[in-house]
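For the single chain, residues carry numbers from 1 onward in sequence order. Side chains included, hydrogens not; waters and symmetry mates left out as well; all remaining heavy atoms used. Whatever order the structure lists them in is the order used to number ligands and atoms, beginning at 1.
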Amino acid sequence: MTHRVTLIPGDGVGPEVSTAARRVLDATGVDFDWEVVDAGEGVMAQYGTPMPQHLLESIRRNKVAIKGPITTPLGTGIRSVNVALRRELDLYALVRPCKSYEGVRSLYHNIDLVLVRENTEDLYAGIEFEEGTAGCREVIDFINARQERRIRSDSAISIRPISRFGTERVVRFAFEYARRYGRRKVTSVHKANILKFGDGLWLDVSRQVAKDYPDIEFDDRIVDNMCMQLVQKPELYDVLVLPNLFGDIVSDLAAGLVGGLGLAPGANIGADCALFEATHGSAPKYTGMNKTNPMAMMFSGVLMLRHLGEAAAADRLEAALAAVIKEGRRVTYDMKADRDDPSAVGTSEVADAVIEKLEALPAAD
Ligand code: NAD
């Protein structure tokens with residue numbers, strides 16, 4: 001079966017890591033029909049927007065996309081294309097597996113966590129009021145008139161909506177994911193001791209949903225305690241489900257446990273579409289240098305293969321990546337003990353190494 005997939009190369013190092021990921025995905029033998037669509041600042045002049053309509057149409061039509069990182073220009077008024085895509089396509093669950101591979105330089109071994117981050121609400125809903133504006137004053141006056149605590153008049157206001165609907169669907173997603181991939185436990189992360197209503201609702205809904213999954217263990221942790229526990233005894237945890245902001249922060253912590261950004265993949269999942277991308281950004285200072293690690297993007301490709309039902313190809317690509325990592329020879333600078341190690345290879349050479357390993361593996365049935 002041919003899979004038609006939207007491929008967004010991105011900018012900065014995006015095109016380099018995307019090309020490398022595309023090459024290894026093609027080398028799995030799975031038949032892809034790539035629809036390449038550009039986005040970001042580079043298409044502004046042509047389309048007047050960094051996220052042209054035909055990009056959204058392509059993803060809606062194909063239902064699956066893989067994307068290189070896109071730079072968010074500072075001070076231009078352009079909001080992040082990455083955040084906007086998640087919102088436009090209602091990609092409500094961001095799945096970030098954090099797994100140890102032998103050969104990765106890290107303080108930890110045998111880590112196998114999956115973070116599921118709510119992706120549409122919370123402080124990332126994009127509802128903010130700038131200090132000193134009429135709208136901000138109005139919001140402050142409205143709130144001050146309705147409760148005892150005073151908000152200072154020179155405040156900026158960021159709104160943090162957490163809905164029953166948004167919480168239920170992402171917590172349910174985490175349990176379904178646990179079931180589908182044979183995981184034993186889901187931990188709901190929150191700050192309900194202080195944020196009684198927002199996170200109180202999150203925790204309440206988490207507990208309700210957990211009752212529908214008696215085969216999966218459930219517990220909850222306050223986010224600050226969660227961070228400490230992940231550093232001290234990460235082996236106690238399995239699937240974590242978190243509101244948007246905590247999810248953003250804790251997933252970087254978890255990426256740090258398994259070797260850093262160069263290896264951290266991501267899957268943005270909605271009811272209709274899925275968008276796969278590395279956790280890292282466009283690393284602009286390395287643009288065009290064939291230097292950065294394409295493995296995060298390749299591991300995102302592994303997640304995409306599983307999503308497409310190509311489990312055997314996903315296993316083979318993961319095994320090929322694990323073999324290159326274990327060997328430790330043909331890896332980029334960030335995976336060497338010394339970042340200036342002259343034996344570090346470039347982005348495209350990592351793709352060559354992974355393809356070689358893939359070809360040496362027994363073919364899938
Ligand atoms: P970044 O992840 O691009 O880079 C931070 C540093 O991490 C780099 O300088 C580099 O040293 C290292 N690094 C990142 N990716 C690497 C890789 N694949 N291999 C080796 N080293 C790597 O983060 P940033 O500098 O904060 O962001 C740069 C731009 O990317 C910003 O405009 C930001 O908005 C954007 N961004 C986009 C996405 C996305 O597309 N989903 C995600 C995060 C940031």
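- The ring-ring contact (aromatic ring centres under 6.0 Å, His included) check on Y237 picks up nothing, with sequence neighbours excluded.
- Taking the centre and axis of the six-membered ring of Y177, the NZ or CZ atom of R306 falls outside the cone set by 45° and 6.0 Å.
- For ligand 1, the 4.0 Å heavy-atom shell takes in K67, P69, I70, T71, T72, N82, L261, E277, T279, H280, G281, S282, A283, P284, K285, Y286, T292, N293, Y333, D334, ordered by chain and residue number.
- Taking a 6.0 Å sphere around NZ of K185, one finds it holds more than 12 heavy atoms contributed by other residues, nucleotides or ligands.
- Listed by first and then second residue, the side-chain hydrogen bond (donor to acceptor under 3.5 Å, both in side chains) pairs that reach into residues 272-282 are K67-E277, T71-S282, R86-E277, R96-T279, N268-E277, sequence neighbours excluded.
- A side-chain hydrogen bond (donor to acceptor under 3.5 Å, both in side chains) check over residues 140-158, counting only residues at least two apart or in different chains, returns the pairs E128-S158.
- Of the listed residues (V64, D26, T2, I66), just one forms a side-chain contact (heavy atoms from CB on, under 4.5 Å) with F32, and that residue is D26.
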